[in-house]
A.B. asks: 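Sharing a structure here in structure tokens format.
Counting starts at 1 for both ligands and their atoms, following the listed order. Both backbone and side-chain heavy atoms feed into the values below; hydrogens, waters and symmetry mates do not.
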Amino acid sequence: MASVRVAVRVRPMNRREKDLTAKCIIKMEGNKTSITNLKISDGNAGEVLRDRIKTFTYDFSYDSMDSKSSPFVSQEKVFKDLGSDVLRAAFEGYNACVFAYGQTGSGKSYTMMGNPGDAGLIPRFCEGLFTRIAATTRWDEASFRAEVSYLEIYNERVRDLLRRKSTQTYNLRVREHPKDGPYVEDLSKHLVQNYSDVEELMEAGNINRTTASTSMNDVSSRSHAIFTINFTQAKFDSEMPSETVSKIHLVDLAGSERADATGATGVRLKEGGNINKSLVTLGNVISALADMSQDGGNTNLKKKAVFVPYRDSVLTWLLKDSLGGNSKTIMIANVSPADVNYGETLSTLRYANRAKNIINKPTINEDCNVRLIRELRNEIARLKALLVQGNQIALLDSPTALSMEEKLHQNEARVLELTKEWTNKWNETQNILKEETLALRKEGIGVVLDSELPHLIGIDDDLLSTGIILYHLKEGRTYVGREDASTEQDIILHGLDLESEHCRFENQNGKVTLVPLGRAQCSVNGVQVTERSQLNQGAVILLGRTNMFRFNHPKEAAKLREKRKSGVLSTFSLSMTDLSTSCENLSTVMLYNPGLFTEKGPVFLRLEFERQQREELEKLELKRYKSEKLLAISSFFCIWKSGFS
Ligand SMILES: Nc1ncnc2c1ncn2[C@@H]1O[C@H](COP(=O)(O)OP(=O)(O)OP(=O)(O)O)[C@@H](O)[C@H]1O
């Protein structure tokens, strides 16, 4: 059990407030924050005077009004107090959430994201995460995996701020997973290997948010932004595998005045976006949770189940765990120091005061396979203890002791096997993803494997194979041949007409060529090649009779895409590099290339051509399975999560 921790932060006077010669009404001392109502004169006494100054106590009260004053609290101090707690929670395997609440212009985005050269909590947290990962991996103590997503909720609709091709920007569906709870369907998740990866994504997401705000009139003050990091950590703890997964939500809420439904009439009501359903519901959820914890001591009320309206809004539904659930949560209430904002500031302070009462139930999120190993180990220890006891009272020969011993051995073997499997899968995944040239991301229901280097993708003719194979063609030579070749081959293949030393690929300064060796059968886009030939993006390569590949050259493809965008590249010239056209070409080329089949005469040529065409059709059919295969990749990379269940 842990209460939601609450911090209040007051920003400097802004230009508008200074122009209005506004007076400062906020005072902070230790963890106390006081607000003065200047409309009540300090000449009054008793009750009335008490109403003039209201004081609240929070976990932290941050005075950031004047950088030259001594109590001034910098971005760094806020991170040290709050951000480092979130970091600790992530490495311990807890979920965590920080949300910034306050009226428009009160400093929420400044606190969460910060300004250039004055980073806020989110960038500092991410930088801290990778600094700690680097320190830990240097000693080989653990392995990590971090994924980032960034979304915006505007008018109860969810938008992915990191979707590369932003065709479907708004209206992603919120669904509920039976075990993991509410989630956004189709939200892109991006694997990040270092802080600069995160920086790039943050920047792209923030630009997306700002671009939308210019066309939608001040969207940022009306929308909620949720930056989420899914963080997995695997290590051996006293020879015991340990794998934890934590979800960290960092939330910049809409301006809190949007929650004020009472003052909304006429134009404001019609404007819809002004009254923020998510914020109204957040208030109701906080109230219900606060009531629940306060009524906890009252035995009569304890029995009455308090209804918490999580499902009434997208925000509260997505943050269900962070509010009263499995998470270590921090609320930062941002306020203005000026008397002109008295009403909004007092309401924020009250709101924050209420949030203090929310009790969460954070637990370490342990991977279920690792939990199984731990449980089996405990069972082994118990059986061993029982056997020792049995020994002492000379029961060892009894059938009970024997079956116990059998069970013990079974369990030990299972633990050994599970631990080995777990270690292999995790290491394998980590090694693949450590390759700087490879990145995995979700797009829609698919998984996209991005590679920077030229590569071959296997187009497998075995209908039962479900994995996708990718061979990088690194700078220099890559040899292809059979396992029984006298020299070591980089890519080992087998199949009809495959020579033991078949061919080599040469990648020199970004130019990739195929060099057949001896009389080896190699064809590019259906044309047999006997000499060195340069490969272009999208080429279909056939080695022997059965090993077919699609050649990808990411840099060339990027250039072609640019040309296509600017109209320099015609559809015709592009079609020459396109896979499907290449396959069609292949059949045509075969018809006009009798050299391929000279020994057996024209009938054989026709039959052979028909057979080849059938094969091509099958291969094209295989392309239809491509998306299923991509999903198979996803299961390959995620197998460590579900492999044992
Ligand atoms: N503690 C602070 N120190 C210095 N400048 C600040 C501070 N807090 C806020 N500001 C400045 O005040 C302005 C408004 O802050 P910010 O954009 O963070 O408000 P907001 O609450 O996120 O507003 P909105 O709801 O419109 O998104 C910005 O120019 C920001 O740089």
Side-chain angles (χ1 to χ4, degrees), residues 7-20 22 24 26 28 33 60-83 98-124 150-155 159 161 202 205-227 250-260 273-276 278-280 282 315 331-338 340-341 343-345 347-349 351-352:
V8 168
R9 187 181 198 189
V10 59
R11 64 154 169 77
M13 288 269 186
N14 63 24
R15 166 94 8 245
R16 188 183 141 263
E17 291 161 347
K18 280 183 190 157
D19 289 349
L20 289 169
C24 173
I26 297 294
M28 290 177 161
T33 299
F60 298 96
S61 287
Y62 291 136
D63 179 346
S64 299
M65 278 187 278
D66 179 4
S67 59
K68 287 180 203 87
S69 74
S70 66
F72 176 76
V73 173
S74 63
Q75 297 279 63
E76 192 186 347
K77 166 84 175 141
V78 174
F79 172 70
K80 267 195 179 150
D81 286 348
L82 309 178
V98 181
F99 65 95
Y101 181 92
Q103 78 178 112
T104 298
S106 60
K108 300 180 293 294
S109 307
Y110 176 81
T111 299
M112 296 307 289
M113 267 304 166
N115 287 344
D118 197 12
L121 264 178
I122 300 180
R124 281 172 198 264
Y150 196 10
L151 65 86
E152 178 176 67
I153 305 169
Y154 177 73
N155 258 348
R159 175 176 175 237
L161 291 173
M202 256 178 335
N206 291 339
I207 288 173
N208 251 339
R209 223 185 155 200
T210 339
T211 320
S213 79
T214 47
S215 58
M216 262 185 268
N217 183 22
D218 194 17
V219 141
S220 88
S221 75
R222 294 171 184 198
S223 72
H224 312 279
I226 307 183
F227 186 89
L250 303 164
V251 189
D252 182 359
L253 293 172
S256 55
E257 65 280 9
R258 314 283 180 199
D260 183 14
N274 256 330
I275 315 300
N276 197 307
S278 274
L279 268 185
V280 176
L282 179 66
L315 177 80
M331 171 188 183
I332 305 176
N334 290 91
V335 293
S336 139
V340 287
N341 290 315
E344 279 300 335
T345 302
S347 123
T348 300
L349 294 178
Y351 205 92

A.B. asks: Within ligand 1, which atoms have a heavy atom of Ser109 less than 4.0 Å away?
C.D. replies: 18 (O), 20 (P), 22 (O), 27 (O)
A.B. asks: Measure up the Tyr150 and Phe227 rings against each other and bin them: parallel (under 30°), tilted (30 to 60°), perpendicular (over 60°).
C.D. replies: perpendicular
A.B. asks: Under 4.0 Å, heavy-atom basis, I'd like to know which part of Asn115 is in contact with ligand 1: side chain, backbone, both or neither.
C.D. replies: side chain
A.B. asks: In plain terms, say whether Asp252 and Arg209 are close enough for a salt bridge, that is, a side-chain N and a carboxylate O under 4.0 Å apart.
C.D. replies: yes
A.B. asks: Looking at Gly107, which atoms of ligand 1 are within less than 4.0 Å of one of its heavy atoms?
C.D. replies: 8 (N), 9 (C), 15 (O), 16 (P), 18 (O), 19 (O), 20 (P), 21 (O)
A.B. asks: On a heavy-atom basis, which atom in Ser278 and which in His224 lie closest, and how many Å separate them?
C.D. replies: CB-NE2, 3.4 Å
A.B. asks: Does any N/O atom on Asp252 come nearer than 3.5 Å to any N/O atom on ligand 1?
C.D. replies: no
A.B. asks: With respect to Arg159, which candidate in Leu151, Ile153, Asn208 satisfies the side-chain contact (heavy atoms from CB on, under 4.5 Å) definition?
C.D. replies: Asn208
A.B. asks: Restricting to non-hydrogen atoms, name the atom on Glu344 and the atom on Ser256 that form the minimum distance, rounded to 0.1 Å.
C.D. replies: OE1-OG, 3.8 Å
A.B. asks: Is there at least one pair of N or O atoms, one from Lys108 and one from ligand 1, spaced under 3.5 Å apart?
C.D. replies: yes
A.B. asks: Using a strict 4.0 Å cut-off to heavy atoms of Gln103, name the atoms of ligand 1 that fall inside it.
C.D. replies: 21 (O)
A.B. asks: Please state which part of Pro12 comes within less than 4.0 Å of ligand 1, counting heavy atoms only: side chain, backbone, both or neither.
C.D. replies: side chain
A.B. asks: Which atoms of ligand 1 sit under 4.0 Å from any heavy atom of Ser64?
C.D. replies: 1 (N)
A.B. asks: Side chains of Leu349 and Val335: does their closest heavy-atom pair fall under 4.5 Å?
C.D. replies: yes
